[in-house]
Q: 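I'd like to ask some things about the structure below.
Keep in mind it's a predicted model, so treat the numbers as computed, not measured.
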Amino acid sequence: MSLLPTSNTYASSLDGSRRQRRSSRSVPLIIRRIFRFPQMDFEFALWQMGYLIIAPRRVYRNIYYHKQTKNQWARDDPAFLVLLASLLCVSAVAWGLVYGLGMIGILRAMLFMVFVDFLLVGSLVATFSWFVTNRFLTHNHMAHAVDQNVEWAYAFDVHCNSFFPVFLILYLLQFFFMPLLQRSNWISLFVGNTMYFISIIWYIYGTFLGFNALPFLVHTELFLYPIVICVILYIASLFGLNISQSVLSIYFG
């Protein structure tokens, strides 16, 4: 009996290893690391959160280094995603305690904030921006250069970065202004609507910065055009529509 592996055994083991590598590649690396907390760089994620407030352009300068070392524009470390989801859960607990939602109500608020506000809406926005950029805004300068496309994961990263200032304004700052925002006067209306206006403008500007950082995209200023619509709606809302009270009544009754 031969001690050497037969060709069929070798071929089957080779095919099995190829299938295993192919299946592992089909799952994004950030998803495979989502529960590997010791491997996450939370310190760098906190650094990014800080600079998204004081100097957001600096955050996107690091993507060039990431592209050179990891050969992808998107994050491969889920630390930022985990931190932001955790902050949303803490915010849901605080809001739930103030409104007396109880354990079930707080759990429902946590699930809604994380899976609907953050993940579902973010996935829809990322899909839309991913399609628009790849379909209309990509441009390769050199004829023989390798075509580059926007990764869906990078589009979702842009959403995560842009969502963090929204979290600070609408989920944190609005919480402390709640006694003022619940009053029925024009000052309450102005402060509440201004919070929503600033958060939306910040989100739009952050989205522009994220895609403007990619060297193969052109006319990314198109992402700034919705600001005109937001300004018009904001001015119109000051004549009687209290956005903050309307949103909080939908969330907490």
Q: Would you check if F115 and L120 make a side-chain contact, meaning some heavy-atom pair closer than 4.5 Å?
A: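 Sidechains of L120 and F115: no contact.
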Q: Rounded to the nearest 0.5 Å, what's the gap from CG on N149 to CG on L217? Could you check?
A: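 Between N149 CG and L217 CG, I get 9.5 Å after rounding to 0.5 Å.
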Q: So with a 6.0 Å cut-off around CD of E221, is the heavy-atom count from everything else above 12?
A: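 Enclosed: over 12 neighbouring heavy atoms sit under 6.0 Å from CD of E221.
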Q: With a 4.5 Å heavy-atom cut-off, do S244 and Q174 have their side chains touching?
A: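 Yes - at least one pair of side-chain heavy atoms lies under 4.5 Å apart.
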Q: Quick check: are there more than 12 heavy atoms from other residues, nucleotides or ligands sitting under 6.0 Å from CZ of F190?
A: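 Atom CZ in F190 is not crowded, with 12 or fewer foreign heavy atoms closer than 6.0 Å.
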Q: Do P56 and N161 have side chains that approach each other closer than 4.5 Å (heavy atoms only, starting at C-beta)?
A: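 They are not in contact (no side-chain heavy atoms under 4.5 Å apart), so the answer is no.
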Q: Measuring only between side-chain heavy atoms, which start at C-beta, is M103 closer than 4.5 Å to L107?
A: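 They are not in side-chain contact.
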Q: Using only heavy-atom distances, determine whether the side chains of W152 and T127 contain a donor-acceptor pair under 3.5 Å.
A: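 Yes - a donor-acceptor pair under 3.5 Å links their side chains.
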Q: I'd like to know if F176 and M178 are part of one continuous hydrophobic network [Ile/Leu/Val/Met/Phe/Trp/Tyr, side-chain heavy atoms within less than 4.5 Å].
A: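 Yes, it is one cluster - the side chains of M178 and F176 are joined through contacts under 4.5 Å.
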Q: Grab the two heavy atoms, one from C230 and one from I201, that are nearest each other, plus how far apart they are.
A: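 In terms of heavy atoms, the two residues are closest at CB-CD1, 4.0 Å.
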Q: Carefully, step by step, assess F128 and L124 under the rule side-chain contact (heavy atoms from CB on, under 4.5 Å).
A: CA-CA 6 Å; F128 174 78; L124 294 176; over 6 Å; no
Q: Calculate, to the nearest 0.5 Å, the distance between atoms CG and CH2 belonging to L238 and W186 respectively.
A: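 L238 atom CG to W186 atom CH2 measures 5.5 Å (nearest 0.5 Å).
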Q: Any chance the side chains of T194 and Y234 put a donor and an acceptor closer than 3.5 Å?
A: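 A pair is found: one side chain offers a donor N or O, the other an acceptor, under 3.5 Å apart.
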Q: Do R57 and L209 come close enough that some side-chain heavy atom pair is under 4.5 Å?
A: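 In short, these two side chains touch, coming nearer than 4.5 Å.
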Q: Check for a donor-acceptor pair, side chain of S162 on one end and backbone N or O of T207 on the other, with a separation under 3.5 Å.
A: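 Side chain of S162 to backbone of T207: a pair is present.
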Q: Check for me, please, whether I169 and I250 land in the same ILVMFWY cluster - side-chain distances under 4.5 Å, paths through other members count.
A: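 Looking at the clustering, I250 is in a separate group from I169.
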Q: For the pair S188 (side chain) and L180 (backbone), establish whether a donor and an acceptor sit closer than 3.5 Å, ignoring hydrogens and angles.
A: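 A pair under 3.5 Å: yes.
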Q: Counting only N and O atoms by type, is there a donor-acceptor contact under 3.5 Å from the side chain of W202 to the main-chain atoms of F164?
A: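 It does not hold such a pair.
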Q: Would you check, one step at a time, whether the test side-chain contact (heavy atoms from CB on, under 4.5 Å) holds for F44 with N62?
A: CA-CA 11 Å; F44 182 65; N62 291 323; 4.1 Å; yes
Q: Grab the two heavy atoms, one from Q48 and one from V59, that are nearest each other, plus how far apart they are.
A: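 Looking at all heavy atoms of both residues, the closest pair is O-CG2, 3.8 Å.
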Q: Between L83 and A45, which heavy-atom pair has the shortest distance, and what is it?
A: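 L83 and A45 have their closest heavy atoms at CD1-CB, 3.7 Å.
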Q: Given the rule in the side-chain contact (heavy atoms from CB on, under 4.5 Å) test, do I243 and L181 qualify, once you have shown the distances and angles that lead to the verdict?
A: CA-CA 10 Å; I243 300 176; L181 299 178; over 6 Å; no
Q: If I compare all heavy atoms of A109 with all of L101, which pair ends up nearest, and what's the gap?
A: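 Closest heavy-atom pair between A109 and L101: CB-CD1, 4.4 Å.
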Q: Using a 4.5 Å cut-off on heavy atoms from C-beta on, say whether the side chain of Y203 contacts that of P165.
A: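 No - every pair of side-chain heavy atoms lies 4.5 Å or more apart.
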Q: Can you find a pair of side-chain heavy atoms, one from F42 and one from V82, that are under 4.5 Å apart?
A: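 Contact flag for F42/V82 side chains = yes.
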Q: Count the heavy atoms belonging to other residues, nucleotides or ligands that lie under 6.0 Å from CD1 of I54, then report whether that count exceeds 12.
A: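 Above 12, so yes.
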Q: Any chance you could measure L170, atom CG, to I200, atom CD1, to the nearest 0.5 Å?
A: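 CD1 of I200 is found 8.0 Å from CG of L170.
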Q: Yes or no on side-chain contact (heavy atoms from CB on, under 4.5 Å) for H219 and F136, after CA distance, side-chain angles and deciding distance?
A: CA-CA 9 Å; H219 303 306; F136 303 106; over 6 Å; no
Q: Determine, using the 4.5 Å side-chain heavy-atom cutoff (strictly less than), whether I198 and I187 are members of one ILVMFWY cluster.
A: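 As far as the 4.5 Å side-chain criterion goes, I187 and I198 are connected within one cluster.
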Q: Between Y154 and F211, what is the ring plane arrangement, given parallel below 30°, perpendicular above 60°, and tilted in between?
A: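 Rings of Y154 and F211: perpendicular, as their planes differ by over 60°.
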Q: Backbone N or O of R75 within a donor-acceptor pair of the D157 side chain at under 3.5 Å?
A: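 Yes; judged by distance alone, with no hydrogens or angles, the pair exists.
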Q: Rounded at 0.5 Å granularity, tell me how far OG in S129 sits from CG in L222.
A: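 With rounding to 0.5 Å, OG (S129) is 13.0 Å from CG (L222).
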Q: Examine distances only and state if a side-chain atom of S91 and a backbone atom of Y171 form a donor-acceptor pair shorter than 3.5 Å.
A: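 Confirmed, S91 side chain pairs with Y171 backbone.
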Q: Is there a path of hydrophobic side-chain contacts, each under 4.5 Å between heavy atoms of I/L/V/M/F/W/Y residues, joining M110 to L172?
A: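 Shared cluster, yes.
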Q: Of all the heavy-atom pairs spanning I106 and G96, show the shortest one and how long it is.
A: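 Looking at all heavy atoms of both residues, the shortest contact is CG1-CA, 3.8 Å.
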Q: Does a side chain donor of either Y251 or D117 reach within less than 3.5 Å of an acceptor in the other side chain?
A: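 Yes, D117 and Y251 have a side-chain donor paired with an acceptor closer than 3.5 Å.
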Q: With the 4.5 Å side-chain cut-off for hydrophobic clustering, are Y205 and I63 part of the same group?
A: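 They do share one cluster, since a chain of ILVMFWY contacts under 4.5 Å joins Y205 to I63.
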Q: Can you tell me if CZ on F175 sees more than 12 non-hydrogen neighbours from other groups inside 6.0 Å?
A: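 Yes - once you tally the heavy atoms of other residues, nucleotides and ligands closer than 6.0 Å, there are more than 12.
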Q: Is there a donor-acceptor contact under 3.5 Å from the side chain of H159 to the main chain of F118?
A: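 Indeed, once roles are kept as given, a pair shorter than 3.5 Å links the two residues.
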Q: Verify, without hydrogens or angle tests, whether N134 (side chain) and W130 (backbone) share a donor-acceptor contact under 3.5 angstrom.
A: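 Pair found, side chain donor or acceptor close to backbone of W130.
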Q: Supply the atom-to-atom distance L81 CG to D77 CG, rounded to the nearest 0.5 angstrom.
A: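 One gets 10.0 Å once the value is rounded to the nearest 0.5 Å.
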Q: Between S249 and Q245 (side chain of the first, backbone of the second, donor and acceptor by atom type, cut-off under 3.5 Å), is there such a pair?
A: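 Yes; judged by distance alone, with no hydrogens or angles, the pair exists.
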Q: How close do G206 and V158 get, counting heavy atoms only, and between which atoms?
A: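 Distance-wise, the nearest heavy atoms are O-CG1, 4.1 Å.
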Q: Between W47 and Y51, how do the two ring planes meet: parallel, tilted or perpendicular, split at 30° and 60°?
A: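 Geometry flag for Y51 against W47: tilted rings.
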Q: Is it true that a side-chain atom of E151 and a backbone atom of A74 form a donor plus acceptor pair closer than 3.5 Å?
A: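 Indeed, once roles are kept as given, a pair shorter than 3.5 Å links the two residues.
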Q: Looking at CZ of F167 and CZ of F163, how far apart are the two atoms once the value is rounded to the nearest 0.5 Å?
A: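 Here the interatomic distance stands at 8.5 Å.
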